[in-house]
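Right, one structure below, let's go through it.
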Amino acid sequence: MNRNAFSRPRRLWLAGVVASLAIAGWTLGAQQASDPQTVVNNAYNQFKALKEGKNADYIPALAKVDPNLFGIALVTVDGKVYTAGDIKTEVSIQSISKVFTMAQVIQEQGLDAIEKRIGVDATGARFNSIIAVEGVKVVSGTGAPEMNPLVNPGAISATSMVTGANADAVWKKIIGFHNDAAGRSLTVLQDVYKSESDSNQRNQAIGALMLAYGYIKSNWQQAVDLYTRQCSIGVNAKDLAVMAATLAASGKNPVTGKQVLDAGKVPGVLAVMATAGLYDDSGKWLYHTGLPAKSGVGGGIIAVSPGKFGIAVISPPLDDAGNSIRAQRAIAVVSNALGGNPYAPRK
Ligand code: DON
């Protein structure tokens, strides 16, 4: 375009208009959808009738959860809460707990501990793959290249790394960290804990193998039991969003004001979530949203827009990779409308 298409006063006027829009926080195109409550409501209405996917049933209690349950919660780094749908009903946190137990180990033992003992790379396999365990046995203790704390073998190993004189002491630390991130006292859903304890032979096999290959140093049975318990913690969509917002706000719970995780340790946690949070669909997810995220087979997904907000959706029906279908769609729509992608140009 001819540089002189606009006269200097006209260019200054245009610059002023653009600057005012930037101050408002959003570009003209996104402005209509910039109010977070409107965006959350719109996403809820857009997806409330979506019926694709199926509840997890390899843990029998999960098959009984109402598949119509659907709630969205978004919490900003300054503690504002926006919700739609059912944000009261609790589901089991499942694999989302892996993020917070990993974070606790990083908090106590540093970023190196997780990288060297477990690894921070994608396995390219399902979350409970035994082939993935076989693939890394030769490198145990040397910084396993194809393992991470968000798949079951790495997660059971991370749980085994939480220090404490006995199982009760370790559990107090695990639940305490989850409570601090959520900003309230969470409890274990006993029916889910019992159901998974009765049916987790595969995780027991994984625990035993991780001991045999040197990832777990002792007492794999205790590690598997505490891992099963942490997966059975009951959470609602708002709890999960506050937990995600704690990571978005550099480790400080924006509702309670408590610093849960050192700010300098948060990027490492988010990096593992970006790499492996949605298992072998993590790449696709990142491609479309840019958000570090984590799913659980209870139907929850959390996602983090660093410096902006945490978001969570609960909807039990899953896709083949084990990720909630409605949660993926709703989070992507909300985040994209609010400029949540950290790789996109800042608005
Ligand atoms: O160990 C399991 O199989 C479950 N407690 C957790 C798996 C899970 O949530 C995978 N996530 N999408």
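One-based numbering, in listed order, for ligands and for the atoms of each. Reckoned from all heavy atoms, side chains included, excluding hydrogens, waters and symmetry mates.
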**Asked** Looking only at atom types and distance, does a side-chain atom of T123 sit under 3.5 Å from a main-chain N or O of A132, one as donor and one as acceptor?
**Response** no
**Request:** Check each of Y213, W220, Y215, Y227 against S157 using the side-chain contact (heavy atoms from CB on, under 4.5 Å) test, and report the only one that passes.
**Result:** Y215
Between ligand 1 and the protein, which N/O pairs are shorter than 3.5 Å?
residue  : atom   : partner : partner atom : Å
ligand 1 : 1 (O)  : N152    : ND2          : 3.0
ligand 1 : 1 (O)  : E196    : OE2          : 3.4
ligand 1 : 1 (O)  : N203    : ND2          : 2.8
ligand 1 : 1 (O)  : Y227    : OH           : 2.6
ligand 1 : 3 (O)  : Y58     : OH           : 2.6
ligand 1 : 3 (O)  : N152    : ND2          : 3.2
ligand 1 : 5 (N)  : Q94     : OE1          : 2.6
ligand 1 : 5 (N)  : E196    : OE1          : 3.1
ligand 1 : 5 (N)  : E196    : OE2          : 2.6
ligand 1 : 9 (O)  : S95     : N            : 3.0
ligand 1 : 9 (O)  : S95     : OG           : 2.5
ligand 1 : 9 (O)  : V297    : N            : 2.8
ligand 1 : 11 (N) : S95     : OG           : 3.2
ligand 1 : 11 (N) : Y279    : OH           : 3.2
ligand 1 : 12 (N) : S295    : OG           : 3.3
ligand 1 : 12 (N) : G322    : O            : 3.1

**Message:** Looking only at the aromatic ring of each residue, does the gap between the centers of Y44 and F70 stay below 6.0 angstrom?
**Reply:** yes
**Message:** Tell me whether the count of non-hydrogen atoms from other residues, nucleotides or ligands lying under 6.0 Å of CG in D320 goes above 12.
**Reply:** no
**Request:** Tell me whether M210 is reachable from I130 by hopping between hydrophobic residues (I, L, V, M, F, W, Y) whose side-chain heavy atoms are closer than 4.5 Å.
**Result:** yes
**Request:** Compare all side-chain heavy atoms of S129 with those of V151 and state whether any distance is below 4.5 angstrom.
**Result:** no
